[in-house]
Amino acid sequence: MLTLNYIKDNKEAIVKGLKTRNFSDEAIQVIDQIAELDVKRKSNQASLDACLAEVNLISKEIGKLYQSGQANEAEAAKAKVATIKQRSKVLDEEQQSIASQLDELLLSIPNVPHPSVPAGNTDEDNVVVTPWTSEVMPLDGGLPHWELAKKYNLIDFEAGVKITGSGFPLFRGKGARLERALINFFLDEATAAGYEEIIPPLLVNADSARATGQLPDKEGQMYYAEKDDLYLIPTAEVPVTNIYRDVILKESDMPIKLTGYTPCFRREAGSYGADVKGLNRVHQFDKVEIVQISHPDKSYQVLDDMVEHVKGLLAKLELPYRILRLCGGDLGFTSALTFDFEVYSAAQDRWLEVSSVSNFETYQANRLKLRYRDADGKKHLAHTLNGSALALARIVAAILENNQVEDGIKMPKALVPYTRFELIN
RNA sequence: GGAGGAGUGGCAGAGCGGUUGAAUGCACCGGUCUUGAAAACCGGCAUACCGCAAGGUAUCGGGGGUUCGAAUCCCUCCUCCUCCGCCA
């Protein structure tokens, strides 16, 4: 969330940002409500502090009175404290109510979009920044991946349905091998680019989910283990970024570069039909995530680096892709600027989102309480960024569909050392 | 799962109802001394909020309670350690 000070000092910028996100004028009034509540909060806190100070002072006197045997005077002082405490109790309740109202309002404000974020309502309005990049042109048509999966016995969707339910694919044989090859390939590439590999827990507590912004606004997206009050991670971003929750870094610690492979779990209630066919949208998928914690001055350079990294992966996989700059309406709640990567699927004649690379600036860091100390010893919020490098299920779909040759499916060269086979047939 | 023990500042570690936001040591920063360094000595050194400041308030694993007053007593949750049980 945004900090109170930022909101007070940058009202214009926030209002403009909320408009980019298509917030209504009524919704934008929260900014003023927050400012008013904050004034109330300060004056109430001052009164409360004064009360408590008085109680503390008298209590010390009572101690001295008892020690010097002046019990009567002490009793009188106690009575005085009792009246003050009645007042302080009221003030305290008031303060707690103000704090929770303020918190609720603060949580309702999304991140301020970067100036380069285009206006727009839906994914139709996203701006294509890299139109088409591929050395190989895909075949026209061909079979969609769910048919290829069946033909070559790579993915058994029915078995997944029986074992768990719809949206839980079961990979087998060369399909499983391809999945594992991709995971290893992505991790090796990230490691070569200087990212430290992490294997995090797959369940997280509410504090962690809140810190990266999944709670409260995306609660319904996560699987929840009620008995233990834990959430299945929707992305490695959650556990990996939370490593640095409540941490004060040295300036020289940054940038911190982390990568992690995890399965990702998403409830994704709602949509049915062609959009969710096969691997297009599943409840469990594998993903290699890259995360960076950056100095605020460098974060946009870091974002560019991460975009370049993802470009490199897609180039090595010889997949045709385009990059989109997300418009205000499609931008994630916590993000300031996001680039989506989409891979073209000839068989389905559509673009599949395979990566999303974002700069959250201080928005996550504020919830995380992730700060660094500058040369003068002053503390500032760091910037956090992350991106998929890459999301597996759809990449598998794209590789299968785009590499159909007469006698099977040809693996991209870069992947062969990992798959140890060149052809699926 | 059962039985015990423990959680205090960056680390180690005292305090176990009153002037303790917290002794002491180490680490760290500044200074004196020195040609320089070490040693020695002097000073500084938690976080958040409010305040121009002086200063005030809160925080001794989290939450709640008792009390005029809680790091200290009670309840509860969490974490760690030891032993037993179970187990990939």
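Since the model is a prediction, treat every value here as computed from it, not as a measurement. The chains referred to below are lettered A, B, ... by the order of the sequence lines, with proteins before strands, and numbering in each begins at 1.
- A straight line from CD1 of A:Ile98 to C1' of B:rC49 spans 14 Å, rounded to a whole angstrom.
- Atom C1' of B:rU24 sits at a distance of 34 Å from the matching atom of B:rG64, rounded to the whole Å.
- Spacing of P atoms, B:rA6 relative to B:rC74, comes out at 12 Å, to the nearest Å.
- Contacts of A:Lys379 with the nucleic acid, taken as non-hydrogen atoms under 4.0 Å apart, involve only primed sugar atoms and P, OP1 or OP2.
- Across every strand in view, B:rU24 sits in a pair with B:rA12 that passes the Watson-Crick or G-U test at under 3.5 angstrom.
- In this structure, B:rG43 forms a base pair with B:rC29, meeting either the Watson-Crick or the G-U wobble geometry with both donor-acceptor distances under 3.5 Å.
- Atom CD1 in A:Ile248 sits roughly 11 Å away from atom C1' in B:rA48 (whole-Å rounding).
- Aromatic ring centroids of A:Phe360 and A:His383 lie 6.0 Å or more apart.
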Check residues 49-59 of chain A and write down every donor-acceptor pair under 3.5 Å in which the side-chain atom is one partner and the other belongs to a residue at least two apart or another chain.
{"residue": "A:Asp49", "atom": "OD1", "partner": "A:Gln45", "partner atom": "NE2", "Å": "2.8"}
{"residue": "A:Asn56", "atom": "ND2", "partner": "A:Leu52", "partner atom": "O", "Å": "3.4"}
{"residue": "A:Ser59", "atom": "OG", "partner": "A:Val55", "partner atom": "O", "Å": "2.8"}

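- Atom-to-atom, CG of A:Leu65 to P of B:rG69 comes out at 15 Å; the value is rounded to the nearest Å.
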Protein within reach of the bases, or only the backbone? For nucleotides 52-65 of chain B, mark each nucleotide 5' to 3' as B, S or -, using heavy atoms under 4.0 Å.
----BSS-------
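- Using atom P as the reference point in both B:rU66 and B:rA54, the two lie 36 Å apart (nearest Å).
- Using the Watson-Crick or G-U wobble rule with both distances under 3.5 Å, B:rU79 pairs with B:rA6.
- A donor and an acceptor atom, one from each side chain of A:Ser299 and A:Ser294, are nowhere located under 3.5 Å apart.
- Judged by Watson-Crick or G-U wobble contacts below 3.5 Å, the nucleotide B:rA71 has no partner.
- For the residue pair A:Asp92/A:Gln96, the side-chain donor-acceptor check at 3.5 Å is satisfied.
- One distance of note links CG of A:Leu182 with CE of A:Met411; it measures 8.5 Å at 0.5 Å rounding.
- The CG-P distance, from A:Leu370 to B:rU47, rounds to 16 Å in whole Å.
- For B:rC50, the OP1/OP2 oxygens have a side-chain nitrogen or oxygen of A:Arg41 closer than 4.0 Å.
- Rounded to the nearest Å, the gap between the C1' atom of B:rU79 and that of B:rG30 is 38 Å.
- Atom CD1 in A:Ile62 sits about 10 Å away from atom C1' in B:rU67, given to the nearest Å.
- Nucleotides B:rG62 and B:rC80, compared at atom C1', are 15 Å apart to the nearest Å.
- If you find the closest nucleotide of RNA chain B to A:Arg373 and to A:Val81, the one lying nearer the 5' end belongs to A:Arg373.
- Judged by distance alone, the side chains of A:Glu318 and A:Asn403 never bring a donor and an acceptor atom under 3.5 Å apart.
- In this entry B:rA38 has no Watson-Crick or G-U wobble partner, no candidate having both defining distances under 3.5 Å.
- Checking A:Asp38, A:Ile34, A:Ile31 one by one against A:Lys8, the side-chain contact (heavy atoms from CB on, under 4.5 Å) holds for a single residue, A:Asp38.
- The separation between A:Lys60 atom NZ and B:rA70 atom P is 12 Å, rounded to whole Å.
- We find that CG of A:Asp228 is positioned 14 Å from C1' of B:rG1, with the value rounded to whole Å.
- Across the C1' atoms, B:rA12 and B:rC28 are found 15 Å apart, a figure rounded to whole Å.
- Here the two rings, on A:Phe265 and A:His283, have centers that are 6.0 Å apart or farther.
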